[in-house]
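See structure below.
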Number of protein chains: 2
Amino acid sequence: MNKKQLIMEKSLELFAKQGFEATSIQQITDYCSISKGAFYLSFKSKDELILALIDHFMIQFTADADYVVTNTEDDEKLFYEFYYSTFHSFQKHSDFTKVLMKEQTHSFNKDFIIKMRAYDKLFEKTILSMIERVYGEEVEHTKYDLVYCIKGFISIYSQLFLLQKAPVDLNLLSRSLVEKTNLLARHTTIPFISQEMIQIGNEPLNEEVTKEQILDIMEQKIEEIEESIEKESLILLKQHLIEPTLSQAIVKGLLENIRNHPHCKWISYLLRGYYKF
Amino acid sequence: MNKKQLIMEKSLELFAKQGFEATSIQQITDYCSISKGAFYLSFKSKDELILALIDHFMIQFTADADYVVTNTEDDEKLFYEFYYSTFHSFQKHSDFTKVLMKEQTHSFNKDFIIKMRAYDKLFEKTILSMIERVYGEEVEHTKYDLVYCIKGFISIYSQLFLLQKAPVDLNLLSRSLVEKTNLLARHTTIPFISQEMIQIGNEPLNEEVTKEQILDIMEQKIEEIEESIEKESLILLKQHLIEPTLSQAIVKGLLENIRNHPHCKWISYLLRGYYKF
DNA sequence: TTGACAATTGACCGATTGGTCATTATTATA
DNA sequence: TATAATAATGACCAATCGGTCAATTGTCAA
């Protein structure tokens, strides 16, 4: 098994239990049954491991949410699909979600905070685009508050059901939140958050990603993953990106092929943005 | 100045900036201009300092919220007063609020988590009593969800305005949240959280506090605070607790005298419960 | 079988941590 | 002023941290 993956998986378990600071590299290497030196062959430092974990999972969360928004045609179902998918992701990667809950704004490391803020802004942007699409002009003055309320719902209900041992009815939860969202969207009259207050648009991750950057990441991922449909699709997409030869339908199909592979979600997200799907 | 207070105030500043784990006792003692040994004369350990800080502030938050609920007669204004008071407290003790945000469920220390959970449950209980009072039967099936939504609002908007440097219009914020609360209370039909799910009532801090326990705390506080109206009132209340001699009006007045003294809020809270005001 | 090269190890490093305690400074009492 | 009691100090401790690197083991073409 890939050392890097092994370390990431095992360390995440420990982080979820104890938090970053409280987990020593010694503990991680013991748990992985490798030596301390071997750890530093895979990661330059403990911080680099943490940043890699954040990227790995936040990329999936962000891409998943974006995919749902892009690929749900029925406006009526949009928020339901969004809530369901979000909580489903949280549940699936509950260890990482627990770490997020624990650390939150925390962790003194500047890079860490900047990274999390950037992903948070992306998430906000996705929510805002949903709101504008479903409610349009109707919520012009209250849409930013709505963004925050939705974030509040997700945050507080996640906390609740991560502590719960019993399985949670995600369908019921999502439906109940859709009802609340609709209520707030349609009847709120007193806005509190103004556009200036959250200044969407000044964050680095919003920048357009260049073709070359995408190619770099693709090559990297092609190296990483084993022979499979996903790898083939990735190679074809890479060639198409260098010199377009395929029809839009084929490209969409290829994107569909790779979108559920954990290593390809980010590429899938970037390419959808690049081709303006 | 009292050493204990000095350490608590100064350490809180450092915790707010850096977090618990990242702040060493050396840093704290340097910042207080005292020696390391002196620190251990006031607190048995670093953990004890942290627990003292939590008690000091959570007692104030809890007691403040409870006071507002008990002393607001107009149901129409109840939630407004509650939101306003809560955010006002957060703003006033923003350093502690920041620490709470940072650490949250965090911090591996069992005692810490248990304590925070207990205060959280008290807060939930206060919110629930407000909901039942204002909306009554109407929200029988959705009241627990409402509790969580309100907690979500408070949590997410606190985050927002703690990061904001500019002063925040608490009046506007509170009014906007009251509107949202009313909307959710009056029109939500799909409940998600059931009573069993949050099992209110199984936490230790809910237990009835005995007269002796209150007396202990009162004696301790009488030692702590300097000569003042508050101290006199405290002594009178103590005597009355041992052997009731004063009329209810006088007791109420004495309680009013002490309720704004930082050291007396908890006593005020306990006595109000004891006398069933 | 050899030997060049890469992968892996874990003893070791300096720094820092929470906590201790013999010693010293300060204050109160007589 | 002399003495007892209390408050305060900071050098010191063992433990642990993230990180390094000389030494060892494994791999594979020649």
Side-chain angles (χ1 to χ4, degrees), chain A residues 1-54 99 102-103 106-113 115 223-224 226, chain B residues 1-54 99 102-103 106-113 115 220 223-224 226-227:
Chain A
M1 161 137 53
N2 187 324
K3 275 276 154 57
K4 220 162 174 170
Q5 265 178 265
L6 173 75
I7 294 171
M8 285 172 74
E9 280 173 28
K10 292 289 188 181
S11 68
L12 186 62
E13 285 183 49
L14 296 175
F15 289 152
K17 275 186 216 148
Q18 310 167 332
F20 287 154
E21 306 300 319
T23 304
S24 69
I25 290 181
Q26 192 68 63
Q27 272 181 290
I28 296 172
T29 54
D30 285 352
Y31 198 46
C32 293
S33 302
I34 60 170
S35 70
K36 215 169 174 185
F39 175 90
Y40 283 94
L41 290 177
S42 293
F43 296 97
K44 264 186 273 184
S45 68
K46 194 184 178 187
D47 280 355
E48 207 189 75
L49 163 62
I50 294 164
L51 292 176
L53 277 172
I54 294 173
V99 174
K102 276 191 212 284
E103 310 298 327
H106 191 40
S107 185
F108 11 99
N109 185 325
K110 277 267 193 288
D111 295 340
F112 177 99
I113 295 170
K115 208 175 255 294
E223 291 294 314
E224 271 179 38
E226 70 294 348
Chain B
M1 159 142 48
N2 186 324
K3 272 278 152 58
K4 221 162 173 166
Q5 265 180 266
L6 172 73
I7 294 171
M8 284 171 76
E9 279 173 28
K10 293 290 188 181
S11 68
L12 186 61
E13 284 183 50
L14 296 175
F15 289 153
K17 276 185 217 152
Q18 310 168 334
F20 288 154
E21 306 300 320
T23 304
S24 69
I25 290 181
Q26 193 66 61
Q27 270 182 292
I28 296 171
T29 54
D30 286 352
Y31 197 46
C32 293
S33 301
I34 61 170
S35 70
K36 215 168 173 187
F39 174 91
Y40 284 93
L41 291 177
S42 294
F43 296 96
K44 263 185 274 180
S45 67
K46 195 184 176 186
D47 279 356
E48 207 189 75
L49 164 62
I50 293 165
L51 292 176
L53 277 172
I54 294 174
V99 174
K102 275 191 213 282
E103 310 298 327
H106 191 38
S107 187
F108 13 99
N109 185 324
K110 277 268 193 289
D111 295 339
F112 176 100
I113 295 171
K115 209 175 252 295
Q220 191 186 321
E223 291 296 314
E224 270 180 36
E226 69 295 346
E227 296 299 328

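Chain naming here is simple, since letters A, B, ... match the order of the sequence lines and numbering starts at 1 in each.
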Find every protein N or O atom lying less than 3.5 Å from an N or O atom of nucleotides 10-17 of chain C, and list the pairs.
unit_1: dG10(C); atom_1: O6; unit_2: Gly37(A); atom_2: N; d: 3.4

Over all heavy atoms of both residues, which pair between Cys32(B) and Ile7(B) is shortest? Give the atoms and the distance, please.
SG-CA, 3.9 Å
How far apart are the closest heavy atoms of Lys4(A) and Ser42(A), and which atoms are they?
CE-O, 3.7 Å
ring-ring contact (aromatic ring centres under 6.0 Å, His included) with Phe43(B): which residues, sequence neighbours excluded?
Phe39(B)
For Gln26(A), enumerate each residue passing the side chain to side chain contact (heavy atoms under 4.5 Å, CB included) test, keeping only those at least two apart in sequence or located in another chain.
Ser24(A), Thr29(A), Asp30(A), Lys36(A)
Under the side chain to side chain contact (heavy atoms under 4.5 Å, CB included) rule, collect the residues that match up with Thr23(B), sequence neighbours excluded.
Leu14(B), Phe15(B), Gln18(B), Gln27(B), Ile28(B)
Roughly, in whole Å, what's the span from CD1 in Ile7(B) to C1' in dA8(D)?
12 Å
What is the distance, rounded to the nearest whole Å, between atom CZ of Phe43(B) and atom P of dT20(C)?
16 Å
Minimum heavy-atom separation for Ala52(A) to Met8(A), with atom names?
O-CE, 3.7 Å
To the nearest 0.5 Å, what is the distance between CG on Leu49(B) and NZ on Lys46(B)?
8.5 Å
In whole angstroms, how far is the C1' atom of dG18(D) from the CG atom of Leu49(A)?
13 Å
To the nearest Å, how far apart are Asp30(A) CG and dT9(C) C1'?
13 Å
Just how far, in rounded Å, is C1' of dT20(D) from CZ of Phe39(A)?
14 Å
Does Lys3(A) have a side-chain nitrogen or oxygen under 4.0 Å from the phosphate oxygens OP1 or OP2 of dT8(C)?
yes
Check side chain to side chain contact (heavy atoms under 4.5 Å, CB included) between Ser45(A) and all other residues, then give those that pass, not counting sequence neighbours.
Asp47(A), Glu48(A)
Rounding to a whole Å, what distance do you find between Tyr40(B):OH and dG19(C):C1'?
5 Å
Please report, rounded to the nearest Å, how far the C1' atom of dT16(D) is from the CD atom of Gln18(A).
14 Å
Atom-to-atom span, CG of Leu41(A) to P of dA6(C) - whole angstrom:
13 Å
If you compare all heavy atoms of Lys115(A) against all heavy atoms of Ile54(A), which two are closest, and at what distance to 0.1 Å?
CD-CG2, 4.1 Å
Check: protein-nucleotides 23-28 of chain D nitrogen or oxygen pairs below 3.5 Å:
none

